[in-house]
Amino acid sequence: MSFSACGAARDLTASEFVGRIKRLRGWQRRERLDALLIISEVNRHYFTGLKASNGMLLSELPGAPVFYTDFRYLLAARKRLTFMEVGSIWRPADEAAVLAEFGRAWRRVGYEGQMPAARFLAWREALPHVEWVNLDQGVAGLRAVKSRAEQTLIRAAVKANDAALACVLRQVRTGMSEWDIGGLVRHAAETLGQGEAFETVVCVGRNAAECHHQPGNSRLRPGQALLIDMGVLRDYYCSDLTRTVCVGAAPSSDLANIYRVVLDANQKAIRAIRPGRRCCDIDAVARRAIERAGYGEYFGHSLGHGLGLEVHEAPSFSTACRTVLEPGMVLTVEPGIYLPGRFGVRIEDVVLITEGGCEVLSQSPRALRI
Ligand code: ZN
Ligand code: ZN
């Protein structure tokens with residue numbers, strides 16, 4: 001398979017965003033919110049397709065949604081947001097004035113996203129009569145089921161990630177440092193996508209017992225565990241993939257045994273995935289498999305997480321997440337066992353929930369010895 005170097009992102013159609021805003025406003029109606037303010041960069045991007053460091057999507061009921069941004073993004077916003085009115089806000093003080101003017105009749109207002117306390121206090125001052133409702137979780141829920149168009153983009157990101165890992169593994173040699181291997185990942189991610197979706201984890205030997213080890217100058221020795229957790233970003237969508245491999249010599253029987261346990265947990269969880277099941281039940285399947293093998297205390301993180309515009313998004317395969325799986329959701333399945341002072345193994349795949357179960361999008365081989 002071949003990939004061209006990626007320049008401009010392929011645009012999603014206007015109807016995709018019209019559909020997203022329609023769902024947002026349907027939900028707003030059910031929550032009885034007179035107004036809804038979307039301020040986080042990722043959610044503004046999700047609902048408008050515009051990537052801008054500043055802006056606010058204001059959805060009033062009744063009334064039409066309006067996207068406000070500043071001078072720097074105005075032209076781009078007017079060009080792209082053909083499906084929505086665009087307004088201009090110059091300074092934070094103007095934002096409060098706009099809210100004060102529009103919000104006289106508002107009673108219940110939803111907001112999402114992190115913001116400086118000063119900004120929120122200005123909102124409250126502008127609209128002292130309003131009940132503010134935090135919508136972080138609700139909006140995250142709206143993004144959990146991916147449209148066909150998003151699924152296509154995520155598939156492409158995962159495929160690019162598989163190709164990038166293959167490219168890295170072809171070049172890995174014993175004696176290379178974690179930094180060297182991290183550099184190979186960076187180069188492959190920039191060649192096959194738009195760079196890394198998150199800070200790559202590369203660890204060798206006992207460093208692999210730290211789940212999120214910072215790459216350093218430890219060098220890969222023959223037969224040692226090499227753990228690479230990497231994600232290629234493509235068209236703004238993330239991918240996420242972990243493989244643990246051995247180069248230059250056969251692994252110890254301990255390492256091979258732990259690898260089998262982790263792979264078994266990964267496969268059992270994947271086989272258990274289907275619509276209607278709760279996320280925590282899938283986490284439990286993998287956790288049980290690792291506990292039964294006697295390593296429960298060495299699997300100290302969740303089984304996986306949602307994936308999309310962000311590398312970690314709702315829902316998650318964790319002990320606490322009771323979200324019921326639906327077709328179109330995309331999550332990772334990444335059990336691991338980390339033995340302090342010895343080594344660690346994690347195997348991570350991306351799955352798409354389908355009507356009948358799930359489709360494993362990650363196609364990288366799951367072999368310890370390469
Ligand atoms: Zn990962
Ligand atoms: Zn992950």
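Every number for a ligand or one of its atoms is a count from 1 in the order of the listing. What's counted below: heavy atoms across the whole structure, side chains too, no hydrogens, waters or symmetry copies.
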Charged tip of R44 within 45° of F67 ring normal and under 6.0 Å
no
Classify the side-chain pair N217/E178 by whether it contains a donor and acceptor separated by less than 3.5 Å.
no
Out of the N/O/S atoms in D229, what is the name of the one closest to the Zn ion (ligand 1)?
OD1
I'd like to know: is the Zn ion (ligand 2) within the 2.8 Å range of an N/O/S atom from H305, strictly under that distance?
yes
Is it the case that R20 places NZ or CZ above or below the six-membered ring of Y46, under 6.0 angstrom from the centre and within 45 degrees of the axis?
yes
Of all the N, O or S atoms in D240, which has the shortest distance to the Zn ion (ligand 1)?
OD1
Can you tell me how the ring of Y295 sits relative to the ring of Y298, calling it parallel under 30°, perpendicular over 60° and tilted otherwise?
tilted
What do the steps show when you test L37 against L57 for side-chain contact (heavy atoms from CB on, under 4.5 Å), and what is the final call?
CA-CA 6 Å; L37 305 167; L57 170 61; over 6 Å; no
Minimum-distance N/O/S atom that E334 presents toward the Zn ion (ligand 2):
OE2
The Zn ion (ligand 1) -> E348, closest N, O or S atom is OE1
